[in-house]
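Lettering of chains follows the sequences in order, A, B, ..., and the numbering in each one begins at 1.
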Protein chains: 2
Amino acid sequence: MERGSAQATLAVSTVIFALRPDDESGLKTLWLPLVRRTRDPHRDLWALPGGWLPADEELAAAAGRTLRETTDLSPRYLEQLYTFGDIDRSPGLRVVSVVYWALVRSEVAERASVGENVRWFAADQLPPLAFDHNRIVEYALWRLRTKVEYARIAHAFLGDTFTLAQLRDVHEAVLQKALDPANFRRSMESSGTLISTDQHVAGARHRPARLYRYDDRANEHDPPGPTR
Amino acid sequence: MERGSAQATLAVSTVIFALRPDDESGLKTLWLPLVRRTRDPHRDLWALPGGWLPADEELAAAAGRTLRETTDLSPRYLEQLYTFGDIDRSPGLRVVSVVYWALVRSEVAERASVGENVRWFAADQLPPLAFDHNRIVEYALWRLRTKVEYARIAHAFLGDTFTLAQLRDVHEAVLQKALDPANFRRSMESSGTLISTDQHVAGARHRPARLYRYDDRANEHDPPGPTR
DNA sequence: CCAAAAGTGTTGAGAGTACACCCATGC
DNA sequence: GCATGGGTGTACTCTCAACACTTTTGG
């Protein structure tokens with residue numbers, strides 16, 4: 001097996017999700033940051049953050065780095081999504097992109113740096129993007145919504161402690177449907193991933209809500225993923 | 001974004017599963033073909049079939065081609081598994097491998113070509129393999145066993161028509177546990193992926209079993225995968 | 001008739017859903 | 001008090017596992 005002369009080029013891109021209140025409805029929806037391309041191909045179109053893979057950098061590290069470079073944020077969740085490598089996905093050059101998807105904290109994303117060439121978009125109202133990036137985002141959205149282990153995912157959008165209402169808000173925003181508060185409480189309590197604290201949130205004109213914490217030990221068991 | 005000088009090299013490998021009766025127990029178990037490395041690194045160790053990615057070949061096509069080259073078989077199922085790219089996974093050279101997993105027909109795999117440098121191994125009794133290939137196979141096994149849409153997968157191991165007992169055998173071999181025939185029948189019948197034929201299999205000293213066919217239309221709906 | 005697997009019926013446990021209802025707070 | 005969301009109780013449906021039972025063949 002000798003390495004052939006004609007080679008494909010390796011890139012790493014990241015789909016970064018955050019939860020932000022919609023400007024009009026106020027409901028929380030999924031947003032993601034895109035970067036404006038400053039050169040051809042697809043100059044001036046919006047695209048996923050990413051870049052060529054340096055030979056001395058791990059794949060996930062490259063994804064996390066481009067995430068920090070474009071948003072000044074650190075990922076709370078980062079996972080490989082898929083590798084896209086269609087021959088004609090980039091004009092002229094054969095580019096194979098290993099795509100990651102990441103979740104970042106909502107509140108932090110509010111004050112995240114946005115410049116002329118970085119902008120946040122509502123995930124389901126994207127303009128036409130460069131390359132096959134619309135398809136990639138669609139697939140990332142599908143993966144997010146059909147992911148079984150919601151526990152880690154929902155937690156990635158929240159702070160260290162949170163109320164069940166906040167957690168339910170996250171689930172509702174991701175799943176795009178209302179959840180019964182009573183049943184949601186029970187299913188969370190029986191999932192074994194939550195630790196109830198003694199703290200409560202006062203200040204609202206109703207009964208104070210108890211604060212919960214995520215149980216990190218819940219991760220130690222099952223995940224037989226590719227990275228161990 | 002200029003392409004850096006130091007580049008990683010792209011390879012495509014495939015984990016190929018077939019169902020064969022174990023030599024001793026006679027029970028069906030998962031087997032996979034490996035190729036012996038004829039050069040360094042890891043000369044003489046067994047490894048997954050694969051090779052460098054030609055710039056003019058699609059990823060899945062490269063996976064299917066190496067499958068045919070090593071086994072003379074055509075894949076009945078082929079899906080991208082994961083992309084492995086740890087810096088130190090190959091000594092000396094930075095290699096990023098896009099790994100696919102495939103299923104082939106059991107009976108056909110029986111008479112598949114095996115030479116000095118190709119051999120079939122029981123999937124859960126592998127020797128130490130080259131590179132990180134043990135880890136890759138482990139992950140492929142996990143994906144196979146936790147895959148939700150068993151319909152397509154189990155069908156990939158069978159012929160065009162099959163009895164419910166044969167289909168149940170496949171499920172039992174993959175899941176490594178016995179299934180209740182009555183309940184299995186009902187769950188299959190209600191899944192909407194089977195078409196019952198009027199044919200029956202005679203010759204056994206018990207009631208003849210009806211033959212079923214897989215309903216290809218069942219695939220047209222849901223799959224929002226990365227490839228459309 | 002007998003063994004063996006095909007195929008049917010029935011039951012109970014558990015998960016998920018809908019919804020009525022009580023609790024504690026700010027105003 | 002009253003509105004509001006936090007939190008509890010309960011009944012209903014549906015899925016699934018367990019298993020008794022009937023059917024149809026070969027020997």
Side-chain angles (χ1 to χ4, degrees), chain A residues 21 25-28 145-151 154 158-159 161-214 218 222, chain B residues 21 26-28 145-151 154 158-159 161-213 218 222:
Chain A
S25 69
L27 293 174
K28 293 205 168 187
R145 289 185 170 134
T146 58
K147 189 78 178 171
V148 254
E149 346 148 339
Y150 277 129
L158 294 170
T161 61
F162 45 86
T163 67
L164 281 172
Q166 290 172 330
L167 185 60
R168 180 163 43 85
D169 268 356
V170 172
H171 282 245
E172 288 181 341
V174 171
L175 298 177
Q176 291 182 304
K177 68 172 180 181
L179 299 174
D180 184 300
N183 298 330
F184 181 79
R185 158 180 303 275
R186 269 185 294 262
S187 79
M188 284 302 114
E189 281 172 343
S190 67
S191 74
T193 58
L194 291 189
I195 300 174
S196 97
T197 72
D198 290 337
Q199 302 172 329
H200 295 259
V201 184
R205 45 192 286 232
H206 57 73
R207 179 171 171 178
R210 181 183 290 271
L211 281 173
Y212 289 83
R213 185 181 304 280
Y214 182 69
D222 20 31
Chain B
L27 293 175
K28 293 207 168 185
R145 290 184 170 134
T146 57
K147 189 77 177 171
V148 255
E149 346 149 337
Y150 277 129
L158 296 169
T161 60
F162 45 86
T163 66
L164 282 172
Q166 291 172 328
L167 186 60
R168 179 162 45 84
D169 268 355
V170 172
H171 282 245
E172 288 181 343
V174 171
L175 298 178
Q176 290 181 305
K177 67 173 181 181
L179 299 174
D180 184 299
N183 297 330
F184 181 79
R185 159 180 302 276
R186 271 184 292 262
S187 79
M188 283 302 114
E189 280 173 343
S190 67
S191 73
T193 57
L194 292 189
I195 301 175
S196 97
T197 72
D198 290 337
Q199 303 172 328
H200 294 258
V201 184
R205 46 192 287 228
H206 58 74
R207 178 170 172 177
R210 180 184 291 272
L211 282 172
Y212 289 82
R213 185 181 303 280
D222 19 31

(request) Anything under 4.0 Å to a heavy atom of chain B counts; send over the first and last such nucleotide of DNA chain D, read 5' to 3'. (result) D:dA17 to D:dG26

(request) Applying ring pair (Phe, Tyr, Trp, His ring centres under 6.0 Å), name anything that partners A:Phe184, two or more places apart in sequence or on another chain. (result) A:His171

(message) Would you compute the distance between atom CZ of B:Arg185 and atom CZ of B:Arg168 and round it to the nearest 0.5 angstrom?
(response) 9.0 Å

(request) Not counting sequence neighbours, which residues clear side chain to side chain contact (heavy atoms under 4.5 Å, CB included) with B:Gln176? List them please. (result) B:Asp124, B:Arg145

(request) Name all residues meeting the side chain to side chain donor-acceptor pair (under 3.5 Å) criterion together with B:Ser191; count only those two or more places apart in sequence or in a different chain, and write none if there are none. (result) B:Thr193

(request) Sorted by first residue and then second, give each side-chain hydrogen bond (donor to acceptor under 3.5 Å, both in side chains) pair with at least one member in residues 198-210 of chain B; sequence neighbours left out. (result) none

(request) Work out which heavy atom in A:Leu167 is nearest to a heavy atom in A:Met188; give both atom names and the distance. (result) CD2-SD, 3.7 Å

(request) Using side chain to side chain donor-acceptor pair (under 3.5 Å) as the criterion, list what pairs up with B:Ser196, not counting sequence neighbours. (result) none

(message) So if I take residues 194-207 of chain A and measure heavy-atom distances to DNA chain D, which residues fall below 4.0 Å?
(response) A:Arg205, A:His206, A:Arg207

(message) Need one value for A:Arg186: base, sugar-phosphate or nothing, where a base atom within 4.0 Å counts as base even if backbone is also close, heavy atoms only.
(response) base

(request) Using chain B heavy atoms and a threshold of under 4.0 Å, write down where along DNA chain C the contacts begin and end, 5' to 3'. (result) C:dA3 to C:dT10

(request) Using a 4.5 Å cut-off on heavy atoms from C-beta on, say whether the side chain of B:Glu189 contacts that of B:Tyr212. (result) yes

(message) To the closest 0.5 Å, what do you measure between CG (B:Leu175) and OG1 (B:Thr146)?
(response) 10.0 Å

(request) Using the test side chain to side chain contact (heavy atoms under 4.5 Å, CB included), find all partners of A:Ala209 that sit at least two apart in sequence or belong to another chain. (result) A:Thr163

(request) Quick one: list whatever passes side chain to side chain donor-acceptor pair (under 3.5 Å) with B:Asn183, sequence neighbours left out. (result) B:Arg186

(request) Please work out which residues in residues 169-183 of chain B have a non-hydrogen atom less than 4.0 Å from an atom of DNA chain C and list them by number. (result) B:Ala182

